[in-house]
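Each chain gets a letter, A, B and so on, in the order its sequence line appears, and its residues count up from 1.
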Amino acid sequence: MSDPDTPFMFPDSAPAGTRRDADALYLELDGWEGPLDLLLDLARRQKVDLRQISILALVDQYLTYIERAGAMRLELAADYLVMAAWLAYLKSAMLLPKDQQEDPSPEELALRLQLRLQRLGAMREAAARLMGRDRIGRDVFVRAAPEGLRTDRKTVWRSDIFALIQAYGQVKARTAPRIYLVANRPVMTLDSALERVSAMLGVTLEWMELRDFLPPHASPELKRSALASSFVAALELAKRGRAELDQDAAFAPLRIRRLKEVAPV
Amino acid sequence: MSGDQGQPGTLERAVETTLFASDEPMTIDALAAHLGGLAPGDVRDALTALAAHYAERGVQLVERGGRWHFETAPDLAHLLRREKEQVRRLSRAATEVLAIIAYHEPVSRAEIESIRGVQTSAGTLDVLMEAGWIKLAGRREVPGRPVIYATTPAFLDHFGLASRRDLPGIDELRAAGLLDPVDEAMEASMRFDPDDAEDSE
Amino acid sequence: MSGDQGQPGTLERAVETTLFASDEPMTIDALAAHLGGLAPGDVRDALTALAAHYAERGVQLVERGGRWHFETAPDLAHLLRREKEQVRRLSRAATEVLAIIAYHEPVSRAEIESIRGVQTSAGTLDVLMEAGWIKLAGRREVPGRPVIYATTPAFLDHFGLASRRDLPGIDELRAAGLLDPVDEAMEASMRFDPDDAEDSE
């Protein structure tokens, strides 16, 4: 079926010597990367241009190979068997008279297979020629210890006279002595609030809202101050045991009343 | 372009020393910029003169993918190979995948697999990427937007190719239609006499 | 010693390629051994021819302590180091320090800080020294003998001043509005706003 002396073009494919005779094929199940690879190998054994290979002979070789592998109880990958089935179909179709052939015609399928083998063969040869070139680090060498090129970065500073005098002006302005004026804000002091709340608590024993203690005609800012001071005054009075506070919820109106058992101060 | 005899010109010496000292190949533009903004045309002239000067020497000036560097003369490989071999051995699968990418680029993994008739393990592409010989070259605008691969300047450099046009046999392969997809070749051949399909171009 | 014209001899090429690819300088004996047991005298002749050939080029063959190697021509060393200038604007802090030195020179760092009202990092003075605009101008004869700084001619040059007397005086700065308080907005915010009383400080 094949010439034992067929030269191989793919030096990496298998250890030398394993392909000396046809039986060696069976030792190389892992030597082919898929059925197309094996087919290409078989096609090359026809020792003709890939364009003139006999597809029928190729199919026979492949099927024989698969059969013999099966007889040796070697496990074959699924894709080899799928290819075998497809090739068996192709063969039977090719043997049919023309008028009974289906579409696509077996010639077309055979041509497609042939084209694929040609392309794979071409790339395999190209790869071998590429690897055979003068490669850096194997055949040619670059300088082992180059001095190297260096790029030094140098900063060039830039400014201008306006930036300079402006900066000086700002330093001067910033550090010039300053006079600070504190605005006289309308406030109610804690002392006056204490006095005021104590006085109003003396009037009744009923609950009163804290807000009712504020001066009625005060400006808004004085009112805020008065509210704060009165609140602190209320807390102070509660602490002294002179009043009690009550609130339903957070932010609800705060109520205050005088404690009955007030000890004379 | 005095080249072999007499004093080399100032620019020629400058380019010579720069490429000699550089630890990687340099483009004409990089040389021009490094030497203080020269005209690229002048740098090219100096390179041509230098390449001629070194042509017969033990060291040569070569262009690889638009980048220039000095390397030892290939015919003296036997003097250096012994102790210096530093090239990784590629598996057969990797060499085939590399060839397919180089001759078809840019190419998707599915296209590589359809040529090889076998699945390509991720490791194979990784090895080639790690060697710096192939790179991702975007995505193909077809359904699924597959990633496509192409070779790098380092690939041309390593295999001593001035450009992809120097790939061995690429013109013949292209002329024979062997770089076209099978479907295209089928269509072309079906239009003619199927028995002569392989001769059509 | 054919050297410059015509083909280099085989041995000359062999020595050339070996030294080029070697990662360290080699003795004549090492070269002779590497090239398959040549006579050291032949290697010496080849080295002499090579050295003559490279004498005027951008690359030279030199002997250092009995070992030979190629190196770039010494007169071209400046080509291997390229300076890349990066223009940067002086920071606000550095401009202030520079202005204070210009108006008050010579001044010590402590004096600069008391004028600025803030601490001055050493880096700021370094930048001004690097720019070439200030220099050390001795030490002040006070306890601690602090270093004092002054401006340089390069400072006058860069800022377009014929002399330090050209710097505008305080009255001129005031007239130009350059002594106005910096932050009007901040001033305004200090004034009492009844609706935002709780935000005022």
Side-chain angles (χ1 to χ4, degrees), chain B residues 2-24 26 30-38 43 46-47 49-62 68-87, chain C residues 1-24 26 30-38 42-43 46-47 49-62 68-85:
Chain B
S2 62
D4 249 340
Q5 56 272 47
Q7 313 278 90
T10 308
L11 181 52
E12 194 177 322
R13 289 184 78 229
V15 171
E16 186 179 24
T17 206
T18 305
L19 280 182
F20 193 77
S22 174
D23 46 17
E24 53 184 13
M26 291 177 81
L31 277 164
H34 182 85
L35 294 172
L38 296 173
V43 173
L47 285 167
L50 273 175
H53 172 82
Y54 277 94
E56 303 297 330
R57 304 209 58 91
V59 170
Q60 313 212 321
L61 178 62
V62 292
W68 294 75
H69 71 102
F70 281 110
E71 64 181 30
T72 58
D75 65 308
L76 300 176
H78 59 283
L79 295 176
L80 305 166
R81 214 175 258 151
R82 284 184 294 231
E83 49 215 74
K84 301 208 67 160
E85 178 138 355
Q86 47 196 234
V87 170
Chain C
M1 263 208 262
S2 64
D4 249 339
Q5 55 273 43
Q7 315 277 88
T10 308
L11 181 52
E12 195 178 322
R13 291 184 76 230
V15 171
E16 187 178 26
T17 207
T18 305
L19 282 181
F20 176 86
S22 170
D23 51 11
E24 53 185 13
M26 290 175 82
L31 276 166
H34 177 88
L35 296 172
L38 295 173
D42 292 344
V43 173
L47 284 168
L50 270 178
H53 171 82
Y54 278 97
E56 303 297 327
R57 305 209 57 90
V59 169
Q60 315 215 319
L61 179 63
V62 293
W68 294 76
H69 73 119
F70 282 111
E71 61 180 33
T72 55
D75 65 312
L76 299 179
H78 62 281
L79 294 177
L80 306 183
R81 263 181 297 115
R82 187 163 69 105
E83 283 203 342
K84 200 172 182 183
E85 292 197 341

Colleague: Tell me, for L19(C) versus chain B, whether the close heavy atoms (under 4.5 Å) come from the side chain, the backbone, both or neither.
Modeller: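 Contact with chain B: none, neither part.
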Colleague: Are any side-chain N or O atoms of R13(B) and backbone N or O atoms of E56(C), one a donor and one an acceptor, separated by less than 3.5 Å?
Modeller: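 Between the backbone of E56(C) and the side chain of R13(B) there is a qualifying donor-acceptor contact (under 3.5 Å).
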Colleague: Identify, with sequence neighbours excluded, every residue that meets side chain to side chain contact (heavy atoms under 4.5 Å, CB included) alongside A21(B).
Modeller: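 In terms of side chain to side chain contact (heavy atoms under 4.5 Å, CB included), with neighbours along the sequence ignored, A21(B) is linked to E147(A), L149(A), T72(C), L80(C).
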Colleague: Of all heavy-atom pairs between A14(C) and L79(B), which one has the smallest distance, and what is that distance?
Modeller: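 Heavy atoms only, the tightest pair is CB-CD1, 3.4 Å.
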Colleague: Can you find a heavy atom in the side chain of F70(C) that is under 4.5 Å from one in the side chain of F70(B)?
Modeller: no
Colleague: Contact between E12(C) and R57(B) at the side-chain level, heavy atoms closer than 4.5 Å - yes or no?
Modeller: yes
Colleague: In terms of heavy-atom pairs under 4.5 Å with chain C, which of L35(B), T17(B), V15(B) leads?
Modeller: T17(B)
Colleague: Applying side-chain hydrogen bond (donor to acceptor under 3.5 Å, both in side chains), name anything that partners H34(B), two or more places apart in sequence or on another chain.
Modeller: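 For H34(B) there are no side-chain hydrogen bond (donor to acceptor under 3.5 Å, both in side chains) partners, ignoring immediate neighbours.
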